[in-house]
Number of protein chains: 2
Amino acid sequence: MHAFNKYPNPSVAIDLVVFGYREGKLNLLLLNRKEAPFQHSWTLPGAFLQMEELFQDTCHRILRTKLGLERFYLEQLYSFDALDRDPRGRALSVSYYALINPASYTTTAGAMANDVQWFPTEDLPPLGFDHASIVSVALKRLRAKILYHPVGFELLEEAFTLPELHQLYEAVLGVSIDRRNFRRKILESGYIIATGQKRTGAKNRHPDIYQFNKAITPHQFHLNIS
Amino acid sequence: MHAFNKYPNPSVAIDLVVFGYREGKLNLLLLNRKEAPFQHSWTLPGAFLQMEELFQDTCHRILRTKLGLERFYLEQLYSFDALDRDPRGRALSVSYYALINPASYTTTAGAMANDVQWFPTEDLPPLGFDHASIVSVALKRLRAKILYHPVGFELLEEAFTLPELHQLYEAVLGVSIDRRNFRRKILESGYIIATGQKRTGAKNRHPDIYQFNKAITPHQFHLNIS
DNA sequence: ACAAAAGTGTTCTAACTACACCCATGA
DNA sequence: TCATGGGTGTAGTTAGAACACTTTTGT
């Protein structure tokens, strides 16, 4: 038995589709590349997998460097293998997607580097590499996932109102959802609990504030969209 | 811009979870290793990704070599990255799962090599590497997938009866499903069409023979299991 | 005629859909 | 008091769950 790493192997990039919810829209975090290839183009933040690094370690390294972010929802998306996806040579991409709340870090230390920027998903610039297709897979996955698993909360602050969650779902799915049916469905799932407080400040009725119910045993719920 | 493949990179294995339906049970194709590591242990069939090879090419290479199989349903499963998953050194695994009909090839040329064997999924031997966890992910994926997409047909012959399909679903999902509701649901989906012929030979009523409806536009159907 | 498995229909129940009014707040 | 958006309930419809008898075939 001998080590086999002397044989040439493809490089392995980890690329991150970072979703954030801002101003009522689903946004994507993009990086403006300083070096070739695709210099001055927008791309997904990414890095090469180091020899003794786990995928998730690389993800954390990327987001810590670019955003000072330590905690976020992270899930493996897909692995891409086109031969020409990187002009420098054969490079696979193991892509992940992350859900973060932009508001929770912009004020903290290690804030966003000036080469990264949020873009609404419906108005993205041309992307370098094969990143447009990675984004396309990620959007499809997120839209499928949010119907069955409580991931929407990851995009909001810890305390949120039902109208906020409702608007988030409409923005992510790109459809309108009946307020009353949405409310009933979400509340019946047990995934959120009322805090008894209300969000004040608006000049109209103050909505109730809810929190994600961390104590709940994971289960699927069905949010059927007609 | 320069090639970066001079830096050391992890090896990339492609591992295949090959499902086949035999004797009323969901089976898995396993390979008995001739060399270390895990000599004489059962493992998933796999190979190292070559420098200019697509994932799917590697999958086809593996199944052509081991089974003489050319056509099969194939879908990427997940990528595994544990540092110690291969004792020879850092090796990622990009795993795929395949659905095949065992009956369609055993009689053909290039038949099954003598180091591969079918095992019922509920009675698997200990597996080398981290392959037990790959299998676990694959089973979960198949069970989720079969409820919404017409992949069950990939495991059967081109012509099949509804009782056969019914039994397949019960075997894959490990639950019993009401015959009448199952039949109605499948027929309403439009995914199968009656050929007008009947499967003869049994000493009881001869069931109708159906085929997968290739002309149908892809859509999801819901097979709800209580 | 009998045993064995295939084919078929209906009732009950639960879930989803559609929809309109009242309430709280700040200006 | 008015404008704005938040909170609530119900009737109608659809889909799923549960369930039993008749039909075909070979022996």
Side-chain angles (χ1 to χ4, degrees), chain A residues 23-25 144 146-148 150 152 156-157 159-171 173-211 219-226, chain B residues 23-24 144 146-148 152 156-157 159-171 173-211 219-226:
Chain A
E23 298 161 8
K25 288 181 175 174
I146 205 173
L147 294 177
Y148 300 105
L156 296 173
E157 312 204 32
F160 54 88
T161 67
L162 261 173
E164 284 165 3
L165 188 64
H166 178 232
Q167 196 198 11
L168 163 67
Y169 268 77
E170 292 193 332
L173 295 168
V175 297
S176 66
I177 308 170
D178 183 272
R179 273 166 56 224
R180 292 154 290 193
N181 294 338
F182 176 81
R183 164 183 291 268
R184 185 190 320 119
K185 202 73 197 246
I186 294 288
L187 288 175
E188 277 173 1
S189 79
Y191 273 116
I192 69 175
I193 44 181
T195 60
Q197 293 167 299
K198 289 177 186 297
R199 163 85 28 99
T200 57
K203 65 170 186 162
N204 40 39
R205 182 169 179 170
H206 293 171
D208 297 338
I209 291 179
Y210 292 85
Q211 281 189 317
H219 65 281
Q220 291 200 348
F221 70 102
H222 265 252
L223 188 72
N224 283 338
I225 303 299
S226 53
Chain B
E23 297 161 10
I146 205 174
L147 294 177
Y148 300 105
L156 295 174
E157 311 204 33
F160 54 88
T161 67
L162 260 174
E164 284 165 4
L165 188 64
H166 178 233
Q167 194 197 11
L168 163 67
Y169 268 76
E170 292 193 329
L173 295 169
V175 297
S176 67
I177 306 171
D178 183 273
R179 274 167 54 228
R180 291 155 289 191
N181 294 339
F182 176 82
R183 164 184 290 269
R184 185 189 320 119
K185 201 74 196 243
I186 294 288
L187 288 174
E188 278 174 0
S189 79
Y191 272 117
I192 69 174
I193 45 181
T195 61
Q197 293 168 296
K198 290 179 186 293
R199 164 86 25 101
T200 57
K203 65 171 186 161
N204 39 38
R205 182 169 180 171
H206 294 170
D208 298 338
I209 292 179
Y210 292 85
Q211 282 189 313
H219 65 280
Q220 290 200 346
F221 71 101
H222 266 252
L223 186 71
N224 284 338
I225 303 298
S226 53

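Side chains included, hydrogens not; waters and symmetry mates left out as well; all remaining heavy atoms used. Reminder, nothing fancy here: chain letters follow the sequence lines and each chain counts from 1.
For the pair A/K198 and C/dA24, the criterion of a side-chain N or O lying under 4.0 Å from OP1 or OP2 is not met. Distances shown here put every side-chain N or O of B/K203 at or beyond 4.0 Å from the OP1 or OP2 atom of C/dA3. Side-chain nitrogen and oxygen atoms of A/H206 include none within less than 4.0 Å of the OP1 or OP2 phosphate oxygen of C/dC23.
Judged by distance alone, with hydrogens and angles left aside, B/R179 brings no side-chain donor or acceptor close enough to the base of C/dA5 to form a pair under 3.5 Å.
Each of A/N204 and A/L162 was assigned the nucleotide of DNA chain D with the nearest heavy atom; the assignment lying further toward the 5' end belongs to A/N204. Looking at which nucleotide of DNA chain C each of A/N181 and A/G201 is closest to, the 5′-most match is held by A/N181.
Taking atom CZ on A/R184 and atom P on D/dT10, their separation rounds to 11 Å, with Å as the unit. A straight line from CD1 of B/I186 to P of D/dA15 spans 17 Å, rounded to a whole angstrom. To the nearest angstrom, P of C/dA5 lies 17 Å from CG of B/D208. Atom pair A/R183:CZ and C/dC19:P shows a separation of 20 Å (rounding to whole Å applied).
Using cut-offs of 30° and 60° for the angle between ring planes, the A/Y148 and A/H222 rings count as perpendicular.
Contacts of A/D178 with the nucleic acid, taken as non-hydrogen atoms under 4.0 Å apart, include base atoms.
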